[in-house]
Student: 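A single structure is presented below for examination.
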Amino acid sequence: MGDIYKALADPTRRKILDELTDRNGQTLFEICARLGAKHQIASTRQAVSQHLDVLEAAGLVEVRREGRYKFHFIDPGPLRQIAERWIPSEGPP
């Protein structure tokens, strides 16, 4: 679970997850364009690719290849595990 916290600690990675939440299944090029246009984050494709690798290693992003394209999808499963750890399903006492 430590990888999840490390992945979420970086603001750029949180923005990438925000963008995948808004529009799931994006290529690296699309993610870079949206980060620049909406968040004024001018990271190189290599830097964004490294962020995506960290998110994938933490289980927060799933990658699917179609031909020569690689699509990135958010996987909220690990976030649910964190929430379930401290937030009881029946709500506050």
Side-chain angles (χ1 to χ4, degrees):
M1 195 171 284
D3 288 345
I4 297 168
Y5 298 115
K6 177 185 170 189
L8 294 173
D10 186 276
T12 299
R13 289 193 282 268
R14 291 193 303 268
K15 295 293 184 195
I16 291 170
L17 291 175
D18 288 341
E19 288 308 316
L20 290 174
T21 299
D22 286 348
R23 188 169 159 268
N24 218 0
Q26 295 184 60
T27 64
L28 174 62
F29 178 80
E30 291 169 315
I31 293 169
C32 289
R34 290 173 67 102
L35 288 174
K38 288 178 66 178
H39 306 284
Q40 291 71 46
I41 297 173
S43 293
T44 64
R45 286 178 46 184
Q46 182 179 4
V48 174
S49 180
Q50 289 173 346
H51 284 303
L52 286 164
D53 288 344
V54 171
L55 292 168
E56 184 180 5
L60 294 166
V61 167
E62 180 182 314
V63 176
R64 296 184 198 147
R65 289 188 179 273
E66 290 182 23
R68 62 179 220 178
Y69 295 101
K70 198 168 151 182
F71 295 91
H72 302 85
F73 298 85
I74 189 167
D75 182 354
L79 298 173
R80 285 191 193 104
Q81 292 172 352
I82 292 171
E84 290 169 359
R85 181 175 178 176
W86 289 298
I87 302 170
S89 57
E90 65 271 357

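Below, each value reflects all heavy atoms present in this structure, side chains not excepted, and no hydrogens, waters or symmetry copies. The structure displayed is predicted, hence computed values, not measured ones.
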Student: Considering the options Leu55, Asp10, Ile41, which one meets the side-chain contact (heavy atoms from CB on, under 4.5 Å) requirement together with Ile16?
Tutor: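 Of the listed residues Leu55, Asp10, Ile41, the side-chain contact (heavy atoms from CB on, under 4.5 Å) partner of Ile16 is Leu55.
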
Student: Rounded to the nearest 0.5 Å, how far apart are CD of Gln26 and CD of Glu19?
Tutor: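 Answer for the CD-CD pair, Gln26 versus Glu19, is 6.5 Å.
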
Student: Where is the tightest heavy-atom contact between Tyr69 and Thr27, given as atom of each residue plus distance?
Tutor: CD2-CG2, 4.4 Å

Student: Please determine whether a side-chain nitrogen of the Lys or Arg among Asp22 and Lys38 lies less than 4.0 Å from a carboxylate oxygen of the Asp or Glu.
Tutor: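 The answer is yes: the pair qualifies as a salt bridge.
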
Student: Should we say atom CZ of Phe29 is surrounded by more than 12 heavy atoms from elsewhere, each under 6.0 Å from it?
Tutor: no

Student: To the nearest 0.5 Å, what is the distance between CZ (Arg80) and CD1 (Ile87)?
Tutor: 13.0 Å

Student: Check whether Gln40 reaches the backbone of Ala37 with its side chain - one donor and one acceptor, N or O, closer than 3.5 Å.
Tutor: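 Answer holds: yes.
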
Student: Would the number of heavy atoms belonging to other residues, nucleotides or ligands and lying under 6.0 Å from CZ of Arg65 be above 12?
Tutor: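 Not buried by this count: 12 neighbours or fewer within 6.0 Å.
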
Student: Could you tell me whether the side chain of Leu79 reaches within less than 4.5 Å of the side chain of Leu8, counting heavy atoms only?
Tutor: yes

Student: Of all the heavy-atom pairs spanning Pro78 and Leu60, show the shortest one and how long it is.
Tutor: CB-CD2, 3.9 Å

Student: Taking all atoms of both residues into account, what is the closest heavy-atom pair of Gly25 and Glu30, and its distance?
Tutor: O-OE1, 4.2 Å

Student: For Leu28 and Lys70, run side chain to side chain contact (heavy atoms under 4.5 Å, CB included): C-alpha distance rounded to whole Å, both residues' side-chain angles, the deciding distance at 0.1 Å, then the answer.
Tutor: CA-CA 7 Å; Leu28 174 62; Lys70 198 168 151 182; over 6 Å; no

Student: If hydrophobic clusters are built from ILVMFWY residues whose side chains come within less than 4.5 Å, do Val61 and Ile4 share one?
Tutor: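 Yes, Val61 connects to Ile4 through the hydrophobic network.
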
Student: Would you name the heavy atoms of Arg13 and Ala7 that are closest together and state the gap between them?
Tutor: NE-O, 3.0 Å

Student: Would you kindly confirm whether Leu20 and Val54 end up in one hydrophobic cluster when ILVMFWY residues are joined by side chain heavy atoms under 4.5 Å apart?
Tutor: no

Student: Please report the interatomic distance CG(Leu17) to CG(Leu52), rounded to the nearest 0.5 Å.
Tutor: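 These two atoms lie 9.0 Å from each other.
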
Student: Could you check whether atom CZ of Arg45 has more than 12 heavy atoms from other residues, nucleotides or ligands sitting under 6.0 Å from it?
Tutor: no

Student: If every non-hydrogen atom of His72 is compared with every non-hydrogen atom of Asn24, which pair is closest and at what distance?
Tutor: O-OD1, 3.8 Å

Student: Before accepting this row, confirm whether a basic side-chain N of the pair Arg64/Glu66 lies closer than 4.0 Å to the acidic partner's carboxylate O.
Tutor: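 Looking at Glu66 together with Arg64, the answer is no, because their closest N to O distance does not fall below 4.0 Å.
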
